[in-house]
Amino acid sequence: PHFQPIIDLVNGALRGYDVLARSKVIGLESCGAMFDIASRLNMEVELSRMLRWEGIREATTLPGSPKVFVNTHPLELQREGLLNSMIMARQLTSQTQLVLEIHEAAISDAKQMRELKERMRDLRVELAFDDFGAGQTRLAELTEARPDYLKFDMSLIRGIDQAGPERQKLVHSLVGVTLDLGITPLAEGIET
């Protein structure tokens, strides 16, 4: 696992870490390459669970018990086992603050999201919708199955300082809606 810091831009405080998958195996260095191979073997869910487990396991050694954001694969919401996986993660560490990220592509059923949020709340795991704005953004689910965090996709954020007024206004409006709903917005791809 690689731990990408999540920083509060107002005061520079560390808010937690996004757990990313990295490898030193040639040809499998990126998460995308790993999941490409896993999809050929129909093992995306198993890879996702293993990466999440390793990320949480290693996060237990981080100082200060930071909040740790861990990913799911969209197929995990279609198959059984996600809840058991998170129960096992909670058994591994009761102290680590966990946030389970659900990819935007998997957010299509508000009832399922509400049930997942309820179950995660019982485990003291917060919920984040990941890559918001990358594909078929579903605004209805924000009100019907409100996550704790909304992670805006890099395609919306990267280069925002040089973007045209339309894109800046769009992001500004989306952040406003997010805050109005009591959801914490997060931006990926901030480099300038």
Does any N or O in the side chain of [X] come within less than 3.5 Å of the main-chain N or O of [Y], such that one atom is a donor and the other an acceptor?
X    : Y    : value
Q168 : I160 : yes
S39  : D36  : yes
R52  : V70  : no
R15  : K67  : no
T96  : T60  : no
R124 : S94  : yes
T178 : L174 : yes

Indicate whether the side chain of [X] and that of [Y] have a donor and an acceptor atom separated by less than 3.5 Å.
X    : Y    : value
S30  : R22  : no
S48  : E76  : yes
D131 : H103 : yes

Are [Y] and [X] connected in a single hydrophobic cluster, I mean Ile/Leu/Val/Met/Phe/Trp/Tyr linked by side-chain heavy atoms less than 4.5 Å apart?
X    : Y    : value
M113 : V125 : yes
I87  : V68  : yes
L127 : I183 : yes
L92  : M50  : no
M88  : L51  : no

Under 4.5 Å side-chain linkage, directly or through intermediates, the cluster mates of V45: L75
Which residues satisfy the ring-ring contact (aromatic ring centres under 6.0 Å, His included) test with F129, sequence neighbours excluded? none
Should [X] and [Y] count as an ion pair when the cut-off is N to O under 4.0 Å?
X    : Y    : value
R119 : E115 : no
E188 : R158 : no
E54  : R57  : yes

What are the two closest heavy atoms between [X] and [Y], and how far apart are they?
X    : Y    : answer
Q95  : R90  : N-NH1, 4.3 Å
V99  : A128 : CG1-CB, 3.7 Å
R167 : G159 : NH2-C, 3.5 Å
G16  : P66  : CA-CB, 4.3 Å
A89  : I56  : CB-CD1, 3.6 Å

Side-chain heavy atoms of E101 within contact of T72, under 4.5 Å: no
Any heavy-atom pair between the side chains of M120 and L98 that's under 4.5 Å? no
How far does [atom1] of [X] sit from [atom2] of [Y], to the nearest 0.5 angstrom?
X    : Y    : atom1 : atom2 : value
L82  : N84  : CG    : CG    : 9.0 Å
K151 : N71  : NZ    : CG    : 6.5 Å
L100 : K117 : CG    : NZ    : 12.5 Å
I102 : D130 : CD1   : CG    : 9.0 Å
T184 : L150 : OG1   : CG    : 10.0 Å
D18  : Q4   : CG    : CD    : 7.0 Å

The test is side-chain contact (heavy atoms from CB on, under 4.5 Å); show your working for L186 and F69 and say whether it passes. CA-CA 12 Å; L186 298 175; F69 288 69; 3.7 Å; yes
In this structure, are over 12 heavy atoms from other groups packed under 6.0 Å from H2 atom NE2? yes
Count the heavy atoms of every other residue, nucleotide or ligand shown that sit under 6.0 Å from CG of L41, and state whether that count exceeds 12. yes
Trace of the side-chain contact (heavy atoms from CB on, under 4.5 Å) decision for I6 with Y17: CA-CA 5 Å; I6 299 172; Y17 291 97; 5.8 Å; no
Tell me, with the steps shown, if L47 and M34 meet side-chain contact (heavy atoms from CB on, under 4.5 Å). CA-CA 8 Å; L47 177 60; M34 288 182 233; 3.8 Å; yes
Please identify each residue that fulfils side chain to side chain donor-acceptor pair (under 3.5 Å) with R114, with sequence neighbours left out. none
Decide side-chain contact (heavy atoms from CB on, under 4.5 Å) for L170 and L156; before the verdict, give the C-alpha distance in whole Å, the side-chain angles of both, and the deciding distance to 0.1 Å. CA-CA 9 Å; L170 172 67; L156 283 175; 4.1 Å; yes
